[in-house]
J.: 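Please see the structure below; I have some questions.
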Amino acid sequence: MTVIVLSGPIGAGKSSLTSILAKYLGTKPFYESVDNNPVLPLFYADPKKYAFLLQVFFLNTRFRSIKDALTDDNNVLDRSIYEDALFFQMNADIGRATKEEVDTYYELLNNMMGELKHMPKKNPDLLVHIKVSYDTMIKRIQKRGRPYEQLSYDATLEDYYKRLLRYYKPWYEKYDYSPKMEIDGDKLDFMTDDHAREVVLDQIVAKLKEMGKLPNSWDKPTDIQIEQP
Ligand SMILES: Nc1ncnc2c1ncn2[C@@H]1O[C@H](COP(=O)(O)OP(=O)(O)OP(=O)(O)O)[C@@H](O)[C@H]1O
Ligand SMILES: Nc1nc(=O)c2ncn([C@H]3C[C@H](O)[C@@H](CO)O3)c2[nH]1
């Protein structure tokens with residue numbers, strides 16, 4: 001059983017790479033709740049009011065996914081519980097949560113992380129982090145087109161996104177729940193460039209091999225269908 005988690009800023013390409021990887025490795029993809037998330041549009045309209053509620057929503061869905069993913073089978077998750085505190089801490093730092101909300105959040109998070117220690121598998125096998133610059137992030141956010149994420153919807157999102165990128169660097173450096181590797185999301189256009197996609201998949205397979213974590217049943221597929229969103 002092999003569990004891979006993706007990480008990276010908004011629009012970095014996590015869902016896209018999750019789908020590609022799941023097809024390539026023949027594993028099961030788990031996606032973050034976005035289009036079926038009733039709190040996300042409320043948060044972008046009024047971040048101060050909804051930051052805590054959104055975080056509890058995500059924490060709950062991420063906890064369910066990682067619990068399922070660590071229980072059986074080979075899985076790929078497009079973002080995991082390990083990035084949850086990064087988002088909430090950043091929102092708290094810019095005044096979007098009260099002290100009571102911050103304290104309650106961290107108690108809940110610690111409680112949930114404690115539960116993972118009792119799972120058949122305690123940690124993922126590999127974290128694949130997609131690193132992107134601000135320019136790439138914005139291009140991808142525009143390409144995907146969720147209205148409430150656009151700078152035209154709220155000009156203060158520029159600061160929010162730039163800040164998010166600053167929080168990711170130390171977060172990735174500190175992450176130690178599993179082995180990790182970084183993909184250059186600026187250079188490797190794995191959605192439209194076949195060669196770039198092969199480079200990315202080769203890098204991930206090489207890392208899994210080196211760790212002895214490539215599923216035994218795996219055969220390199222000759223072709224995989226890429227769904228353009
Ligand atoms: N490497 C890439 N090259 C070119 N386009 C990409 C790449 N990665 C993602 N995209 C495009 O950028 C957009 C955002 O990608 P995706 O939804 O996978 O990001 P994400 O990291 O899952 O975002 P979020 O954090 O918001 O869930 C999509 O339109 C996708 O097709
Ligand atoms: N505040 C906040 N906390 C989170 O844990 C979190 N995780 C994701 N998101 C937002 C980013 C994208 O708009 C969209 C898809 O990733 O959801 C979050 N927002």
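Atoms within each ligand, like the ligands themselves, are counted from 1 in listed order. Fair warning: this is a prediction, and the values are worked out from it, not measured in the lab.
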J.: Can you list the atoms of ligand 1 that are under 4.0 Å from a heavy atom of F190?
T.: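 Numbered from 1, ligand 1 contributes 1 (N), 2 (C), 3 (N), 8 (N).
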J.: Just wondering, do N123 and Y82 contact through their side chains at under 4.5 Å, heavy atoms?
T.: yes
J.: Please name all residues satisfying ring pair (Phe, Tyr, Trp, His ring centres under 6.0 Å) with F52, sequence neighbours left out, ordered by chain then number.
T.: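 With sequence neighbours excluded, F52 shows a ring pair (Phe, Tyr, Trp, His ring centres under 6.0 Å) to no residue whatsoever.
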J.: May I ask whether T192 places a heavy atom under 4.0 Å from ligand 1?
T.: no
J.: NZ of K14 to CD of E83: how many Å apart, nearest 0.5 Å?
T.: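 Atom-to-atom, K14:NZ and E83:CD are 6.5 Å apart.
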J.: Polar contacts were defined as any N/O atom of the residue lying under 3.5 Å from an N/O atom of the ligand; does this apply to L17 and ligand 1?
T.: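 Looking only at distances, the answer is no, because the N/O contact criterion of under 3.5 Å is not met.
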J.: Evaluate salt bridge (Lys or Arg N to Asp or Glu O under 4.0 Å) for D194 paired with R197, printing each intermediate quantity in order.
T.: CA-CA 5 Å; D194 294 352; R197 184 159 53 250; 2.6 Å; yes
J.: Are a donor atom and an acceptor atom from the side chains of Y24 and T27 found within less than 3.5 Å of each other?
T.: no
J.: Test of understanding: with side-chain contact (heavy atoms from CB on, under 4.5 Å), list the residues that count as partners of K48, not counting sequence neighbours.
T.: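 With neighbours one apart ignored, the set is D46.
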J.: Could you list the residues that satisfy side-chain contact (heavy atoms from CB on, under 4.5 Å) with R163, not counting sequence neighbours?
T.: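 Expected list: M90, I94, R166, Y167.
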J.: Before giving the answer on salt bridge (Lys or Arg N to Asp or Glu O under 4.0 Å), spell out for E32 and R62 the whole-Å C-alpha distance, their side-chain angles and the decisive distance to 0.1 Å.
T.: CA-CA 7 Å; E32 188 169 64; R62 285 174 182 146; 2.5 Å; yes
J.: Given R197, K14, M191, R146, identify the one with the heavy atom nearest to atom 21 (O) of ligand 1.
T.: K14
J.: Looking only at distance, does G8 have an N or O less than 3.5 Å from an N or O of ligand 1?
T.: no
J.: Can you tell which of S19, S16, A196, S7 gets a heavy atom nearest to atom 15 (O) of ligand 1?
T.: S16
J.: Heavy-atom contacts under 4.0 Å between I141 and ligand 1: side chain, backbone, both, or neither?
T.: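 Under 4.0 Å from ligand 1, I141 contributes no heavy atoms.
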J.: Is the backbone N or O of G8 less than 3.5 Å from a side-chain atom of R79, with the two atoms forming a donor-acceptor pair by type?
T.: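 Yes: the side chain of R79 pairs with the backbone of G8.
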J.: For ligand 2, list every N/O pair with the protein closer than 3.5 Å, one pair per line with the distance.
T.:
| unit_1 | atom_1 | unit_2 | atom_2 | d |
| --- | --- | --- | --- | --- |
| ligand 2 | 3 (N) | Q55 | OE1 | 2.9 |
| ligand 2 | 5 (O) | Q55 | NE2 | 2.7 |
| ligand 2 | 5 (O) | R62 | NH1 | 2.9 |
| ligand 2 | 7 (N) | R62 | NH2 | 2.6 |
| ligand 2 | 13 (O) | Y44 | OH | 2.6 |
| ligand 2 | 13 (O) | E149 | OE2 | 2.5 |
| ligand 2 | 16 (O) | E32 | OE1 | 2.7 |
| ligand 2 | 16 (O) | R79 | NH1 | 2.9 |

J.: Nearest heavy atom to atom 24 (P) of ligand 1: which of R144, K143, Q142 does it belong to?
T.: R144
J.: Flag yes if V128 and L214 sit in one hydrophobic cluster, no otherwise; membership is Ile, Leu, Val, Met, Phe, Trp, Tyr, and two members link when side-chain heavy atoms are under 4.5 Å apart.
T.: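 As far as the 4.5 Å side-chain criterion goes, L214 and V128 are connected within one cluster.
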J.: Will you find, in the side chains of T18 and S15, an N or O donor that is under 3.5 Å from an N or O acceptor?
T.: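 S15 and T18 do not have a side-chain donor-acceptor pair below 3.5 Å.
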J.: N/O of D78 under 3.5 Å from N/O of ligand 1, yes or no?
T.: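 Between D78 and ligand 1, no N or O pair is found under 3.5 Å apart.
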J.: Mind checking whether L188 has an N or O less than 3.5 Å away from an N or O of ligand 1?
T.: yes
J.: Is it the side chain, the backbone, both or neither of K139 that has a heavy atom closer than 4.0 Å to ligand 1?
T.: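 Contact part for K139 vs ligand 1: neither.
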J.: Between T2 and D125, do the side chains contain an N or O donor and an N or O acceptor separated by less than 3.5 Å?
T.: no
J.: Which of the listed options, D189, T136, V34, holds the heavy atom that is closest to atom 4 (C) of ligand 1?
T.: D189
J.: Looking only at distances, please establish whether an N/O atom of ligand 1 is found under 3.5 Å from an N/O atom of A12.
T.: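 Yes; at least one N/O pair falls below 3.5 Å.
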J.: Would you kindly say whether D93 and Q89 are connected by a side-chain donor-acceptor distance under 3.5 Å?
T.: yes
J.: Heavy-atom contacts with R79 under 4.0 Å: which atoms of ligand 1 show up? List them by number with element.
T.: 25 (O)
J.: Considering all heavy atoms of both residues, which atom of S16 and which atom of M191 are nearest to each other, and what is their separation?
T.: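 Scanning both residues, the minimum pair turns out to be CB-SD, 3.4 Å.
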J.: What atoms in ligand 1 come closer than 4.0 Å to a heavy atom of G13?
T.: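 Contacts of ligand 1 toward G13, numbered from 1: 8 (N), 9 (C), 15 (O), 16 (P), 18 (O), 19 (O), 20 (P), 21 (O).
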J.: With atoms numbered from 1 as shown, which atoms in ligand 1 lie under 4.0 angstrom from a non-hydrogen atom of E32?
T.: 27 (O)
